Number of protein chains: 2
Amino acid sequence: MLQYRKMSTMPRLAKNYRLVFDVVRKQGHGRHLATADVFRLVKRRRVGIGFTTVYRALAKLRDLGLISEIHLPGADSAYYEPAGDAHAHFRCDLCGSVKDIAYVPSKRVVAQLAQSNAIEVNDVILSLHGRCVSCRERESA
Amino acid sequence: MLQYRKMSTMPRLAKNYRLVFDVVRKQGHGRHLATADVFRLVKRRRVGIGFTTVYRALAKLRDLGLISEIHLPGADSAYYEPAGDAHAHFRCDLCGSVKDIAYVPSKRVVAQLAQSNAIEVNDVILSLHGRCVSCRERESA
DNA sequence: CTAGAAACTGAAAACCGTTTTCAGTTTTAG
DNA sequence: CTAAAACTGAAAACGGTTTTCAGTTTCTAG
């Protein structure tokens, strides 16, 4: 996947694209924003912006490899995070919060599965589902 | 997850529910039907049936644990398969076909991830994405 | 600078899978 | 049989996302 490790090699982005990128990037790795969260945060900095523009910015940033778009079973919208190394995601069934999980199935295992199933695997997506710390605490109270 | 291994213990289903169940079950394990596929096949056996009824039947069968509802990144609708043992799925990016993959991350690894992230994991969902055999053949021609 | 091309914008409408509402009809339990 | 519960299909609603439209802004030659 295309990625820009240095700012200097990154294509110049239109102002709004830059703004959307900053909002997603500011969360830092490990934080995740649903599309609605991105809207909300972007609107704080540029009140009049239309949701069409935000959608288009997210799509472009995703195509440029600057951010990752995540689709999780049970979630009704996409989530976004700064592009980075592959990892799994955890989503809380109760509050919907999403958290990075530092794990990927080994390349060897995936290659083996690809071979035995005669498929070409370009992407492996792993998600965990259950209850997050705060929801567990709240429930036990 | 609730499951009925013997027909005798399975709740009696209304005719339409039975029909939807048969359509999904007939595919056998390893085959997958998008919602639209289920409609199409069900309509062949009962022309007048409404899509509302099919949706409701799929939801009920899913709640009864008789079928599994699958949501895959990149797919625009749900897929259904007869309930069975946990496994991963492969989805072809080109034709959208879905195939079972006999693999689940080890319980030990998942337990370890749950502990180190302070989460309670109730479900693990793994999907592979790429090109299936027939699409690869077609492309190389 | 200027003219034209290319990129970008926001409102509104379209889209599409799915869920809900409504007004019944059918099935089940007693 | 009768009342409650379950089921039905058409139509409308829903919600996230994409497309269309009619411009406006930005970039690139010249």
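The model shown is predicted, which means the values in this text are computed figures rather than measured ones. Order of the sequence lines sets the chain letters (A, B, ...), proteins ahead of strands, with each chain counted from 1.
Atom P of nucleotide C:dA11 and atom CZ of A:Phe51 are separated by 9 Å, given to the nearest angstrom. Distance A:Arg40 CZ to D:dG16 C1': 16 Å, rounded to the nearest Å. If you measure from atom CD of B:Glu69 to atom P of C:dG17, you get 15 Å, rounded to the nearest angstrom. Computed from coordinates, the A:Leu58 CG to D:dG16 P distance equals 14 Å when rounded to whole Å. Atom CZ in B:Phe39 sits about 12 Å away from atom C1' in D:dG9, given to the nearest Å. Between A:Leu72 atom CG and D:dG16 atom P there is a gap of 16 Å when expressed in whole angstrom units. Remark: C1' of D:dG16 and CD1 of A:Ile70 are 17 Å apart, rounded to the nearest angstrom. If you measure from atom CG of B:Asp76 to atom C1' of D:dT17, you get 12 Å, rounded to the nearest angstrom.
Annotation for B:Val133: hydrophobic cluster partners, listed by chain and number, are none (ILVMFWY side-chain heavy atoms under 4.5 Å, direct or chained). Hydrophobic side-chain contacts under 4.5 Å tie B:Tyr103 into a cluster, directly or through other members, with A:Phe90, A:Ile101, A:Tyr103, A:Val109, A:Val110, A:Leu113, A:Ile119, A:Val121, A:Val124, A:Leu126, A:Leu128, B:Phe90, B:Ile101, B:Val109, B:Val110, B:Leu113, B:Ile119, B:Val121, B:Val124, B:Leu126, B:Leu128.
Comparing the start and finish of the helix from C:dC1-D:dG30 to C:dG30-D:dC1, five pairs each, the helix axis swings through 30°, to the nearest 10 degrees.
The distance from the CZ atom of B:Arg25 to the CG atom of B:Leu33 is 14.0 Å, given to the nearest 0.5 Å.
If you check every strand for non-hydrogen atoms under 4.0 Å, A:Ala36 touches nothing.
Applying the salt bridge (Lys or Arg N to Asp or Glu O under 4.0 Å) rule to pairs touching residues 113-131 of chain B yields A:Glu120-B:Arg131, A:Arg131-B:Glu120, B:Arg131-B:Glu139, sequence neighbours excluded. Listed by first and then second residue, the salt bridge (Lys or Arg N to Asp or Glu O under 4.0 Å) pairs involving residues 103-115 of chain B amount to none (not counting sequence neighbours).
Nearest nucleotide to the side chain of B:Thr52, out of D:dG9, D:dT19, D:dG16: D:dG9.
The phosphate of D:dT17 has OP1 or OP2 within less than 4.0 Å of a side-chain N or O from A:Thr35. One finds no side-chain N or O of B:Tyr55 lying less than 4.0 angstrom from the OP1 or OP2 phosphate oxygen of C:dT19.
B:Ser116 meets the side chain to side chain contact (heavy atoms under 4.5 Å, CB included) test with B:Gln112; sequence neighbours excluded. Looking at residues two or more places apart in sequence or on another chain, you find no side chain to side chain contact (heavy atoms under 4.5 Å, CB included) involving B:Asp76.
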Inset, instruction - Assess whether ring pair (Phe, Tyr, Trp, His ring centres under 6.0 Å) is satisfied between A:His89 and A:His32, documenting all intermediate values. - result: CA-CA 10 Å; A:His89 291 99; A:His32 302 77; 5.1 Å; yes

Report all interatomic pairs (protein N or O, nucleotide N or O of nucleotides 5-9 of chain C) with separations under 3.5 Å.
residue	atom	partner	partner atom	Å
C:dC8	OP2	A:Lys60	NZ	3.3
C:dT9	OP1	A:Asn16	ND2	2.5

Without placing hydrogens or testing angles, list every side-chain donor-acceptor pair under 3.5 Å for residues 46-60 of chain A, not counting sequence neighbours.
residue	atom	partner	partner atom	Å
A:Arg46	NE	A:Asn16	OD1	2.6

